[in-house]
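Throughout, protein chains are lettered first and strands after them, A, B, ... in sequence-line order, and every chain is numbered starting at 1. Computed from a predicted structure; not experimentally measured.
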Amino acid sequence: MSRQVVTRFAPSPTGMLHIGGVRTALFCWLFARKHGGRFILRLEDTDLSRSTDDNIRIIEEGMAWCGLDWDEGPVVGDPSQWKGPHGPYRQMQRMDLYRAKIQELLDKGLAYRCRCSRETMEGRRKTVEAAGKVFQYNRGVDAGKGCASAAHDASQPAAIRFRMPEGGDIVVADLIKGETRFPANSLDDWIIARTGDGPGEIGVPTYNFCVVVDDTDMQVTHVIRGDDHLNNTPKQIPLYEALGSDLPAFAHVPMILGADGAKLSKRHGATSITEYQAMGLLPSAVRLALARLSWTPKIDGRAVETAEEELLTDAQMIQLFDLEDCQKSAARFDMDKLQWLNQKLIQRSSWQELEPHLRPFMAEVSKGAWAAKPDAWKAQAIHATQKGKSLTDMAEALRFAFEGPTTFDEKAAEKFITPTVKPALREVRDLTDYSHDALEAGFNAILERHGLKTKDLAQALRVALCSKPVSPGIFDTLMLVGRDEVVARLDRWL
RNA sequence: GGUCCCAUCGUCUAGCGGUCAGGACACCGCCCUCUCACGGCGGGAACAGGGGUUCAAUUCCCCUUGGGACUACCA
């Protein structure tokens, strides 16, 4: 009986939730959901200068917006609370555990105190480099210079180093990258705890140590993380062994690059998840786009082929997700594809599904008037604009329903509101039945009477009602503006 | 410098020795059309280079080149 699958996402709360982080979290989430396991959110907040409660909230809200719910982790908005049996889930609150583990290693002789000062280290480093070698603490040219063999009592403040194996290879059996071997001699005894405040005291433990202790303590079975951590893994593996813990499975997912192939950064535009939210993208589209970077879903062993198959629902993604179908190489972020997915997902959503997402954008465009509109009206408004690429496009396309024209597209007005159509416009003004069918019938009758084409009257109406010759279908436009307002707006021209 | 990872159309990718190298997005053209869109149809577009192995390499091995990560008392 194998253990229940447990994955975790462990970001540092340093200011924003990066899109690359979201993708890693998404893979962890998909994997856990697929295997009926648990997904943990853990905050690596040992960088005191940058970790704030605000930054933690940004992560929690970003994750929540993306629909990446965690089974264990912090409780949103309350630093003293958490859910799950292995808390707390903020590293700064887990210091006692770390110190206990370090003491254990110290007692077993698997770690030792290091009192080498920055100055002596620098000196030794220079000697080694002058000899054309790579500086490795207490290894190679530096062998015997470190504290490992010295009498390391606790009479002075000291950092703690982990005793790494020498000789042979450390192999990482990675679920994505395959088997990778690192010569043990290319590594050295690394610091697991910074210099303590006083003699015998254990300082703040370092990242590579905390992850291992936490993953072990939280019973994480699958460590799915960015491949920038692949090189950290051979340092961590001997630590698992020293701690007497089973090794989790590792899966290092490739990075996400900007469109130019460089590491995704601010200059590529949006890197923070909140920016995607602000762009009017559906969280489901963001999830799909991110998942499809470096992952090719296979249906019965065959990669998805048609556009139809590309549009996976969450349920399908969860069912199909497999680390074996993940790419080893980094992928460039494709904004066009995201927007296409967004458009398709908008098209196939019901108005009820769309409305909550559209609401914040409409609140702004309608200056608060949206909320008060009846459902039937909202449904029509959404249907009329559901071809848009984004929620912001939809909101923008509906602006005419809330705001009468203040300025007009002069050229369009001149072109479409001609003396020959004005009499027809007058008759449109006089229409009273604003049901779709009645409008269509009345409209056609007017066209016939005046010998006009649909285009002539529709475009004239668009300019008169919306100030520009672009709007949803003409009957939708009339209905959404409403009879009273149509009359008012037309009167300016008649 | 050392260790490690990566490499098919512009982009995301399929391919796991023999394929006309397939698809999606983007792009271009045509059609549809009350505007903008949507939609439909069609088109151009790739195996980084060099050596091996093999009857046969996009596919396996090596080198080069080009990206990238780690190499901190950051995470």
Open item on the list: With a 4.0 Å cutoff (strictly under), does any side-chain N or O of A/Arg125 reach OP1 or OP2 of B/rA72?
Closed with: yes

TODO: Looking only at side-chain atoms of A/Ser329, point me to the closest of B/rA7, B/rU11, B/rA75.
DONE: B/rA7

Open item on the list: Side chains of A/Ser390 and A/Thr392: any donor to acceptor distance under 3.5 Å?
Closed with: yes

Open item on the list: Taking 4.0 Å as the cut-off, does a side-chain nitrogen or oxygen of A/Thr296 come that near to OP1 or OP2 on B/rA14?
Closed with: yes

Open item on the list: Any base atoms under 4.0 Å from A/Asn232, or only sugar-phosphate, or nothing? Heavy atoms, all strands.
Closed with: base

Open item on the list: Students often get this wrong, so: under 4.0 angstrom with heavy atoms, is A/Arg292 touching a base, only sugar-phosphate, or nothing?
Closed with: sugar-phosphate

TODO: Could you check how far CD of A/Gln156 sits from C1' of B/rC73, rounded to whole Å?
DONE: 17 Å

Open item on the list: Does B/rG39 have OP1 or OP2 under 4.0 Å away from a side-chain N or O of A/Lys344?
Closed with: yes

Task: A/Phe9 six-ring centre to A/Arg42 NZ/CZ under 6.0 Å and within 45° of normal - done: no

- [ ] Tell me which nucleotide among B/rC6, B/rA14, B/rC38 gets nearest to the side chain of A/Lys389.
- [x] B/rC38

Task: Sugar-phosphate only, base, or nothing, as touched by A/Ala331 at under 4.0 Å among non-hydrogen atoms - done: sugar-phosphate

Open item on the list: Please classify the nucleic acid contact of A/Ser294 as base, sugar-phosphate, or nothing, using heavy-atom distances under 4.0 Å.
Closed with: sugar-phosphate

Task: Gap between atoms CZ and C1', on A/Arg50 and B/rC74 respectively (whole Å) - done: 7 Å

TODO: Any strand is fair game: report the nucleotide pairing with B/rA46 by Watson-Crick or G-U wobble, both distances under 3.5 Å, or none.
DONE: none

TODO: Among the candidates B/rU13, B/rU35, B/rC25, find the nucleotide nearest to the side-chain atoms of A/Lys455.
DONE: B/rU35

Open item on the list: From C-beta outward on A/Gln343, which listed nucleotide comes closest to its side chain: B/rC6, B/rC38, B/rA75?
Closed with: B/rC38

Open item on the list: When you measure from the side-chain N and O atoms of A/Lys328 to the phosphate of B/rC6, is any distance below 4.0 Å, counting only OP1 and OP2?
Closed with: yes

Task: Selected nucleotide, minimal atom distance to A/Gln327 side chain, candidates B/rA69, B/rC34, B/rU13 - done: B/rU13

TODO: Answer with yes or no whether A/Asn231 presents, from its side chain, a donor or acceptor under 3.5 Å of a partner atom in the base of B/rA69.
DONE: yes

Task: Polar side-chain contact A/Arg462-B/rC34 base: donor and acceptor under 3.5 Å - done: yes

Open item on the list: Base, sugar-phosphate or nothing for A/Lys133? Non-hydrogen atoms, less than 4.0 Å.
Closed with: nothing

Open item on the list: Categorize A/Gln347 for me: base, sugar-phosphate, or nothing, with a 4.0 angstrom heavy-atom threshold over every strand shown.
Closed with: sugar-phosphate

Open item on the list: So that I can tick it off, tell me whether A/Glu310 and A/Lys337 are bridged by a salt bridge, with the cut-off set at under 4.0 angstrom between side-chain N and carboxylate O.
Closed with: yes

TODO: Name the nucleic acid region contacted by A/His229, choosing base, sugar-phosphate or nothing; use a 4.0 angstrom heavy-atom cut-off, strictly under.
DONE: base

Task: Donor-acceptor pair present, A/Thr180 side chain and B/rC5 base, under 3.5 Å - done: no

TODO: Pick base, sugar-phosphate or nothing for A/Leu230, based on heavy-atom distances below 4.0 Å to the nucleic acid.
DONE: sugar-phosphate

- [ ] Could you please name the option among B/rC73, B/rC5, B/rA75 that lies closest to any side-chain atom of A/Ile191?
- [x] B/rC73

- [ ] Please state the P separation for the pair B/rG43 and B/rU58 - nearest whole angstrom.
- [x] 26 Å

Open item on the list: Mind checking if A/Gly132 touches a base, just sugar-phosphate, or nothing, with heavy atoms under 4.0 Å?
Closed with: nothing

Task: Torsion-based syn/anti label for B/rC36, 90° from 0 as limit - done: anti

Open item on the list: Base, sugar-phosphate or nothing for A/Pro472? Non-hydrogen atoms, less than 4.0 Å.
Closed with: base

TODO: Taking only the side-chain heavy atoms of A/Gln459 (C-beta and beyond), determine which of B/rC34, B/rC73, B/rC5 contains the nearest atom.
DONE: B/rC34

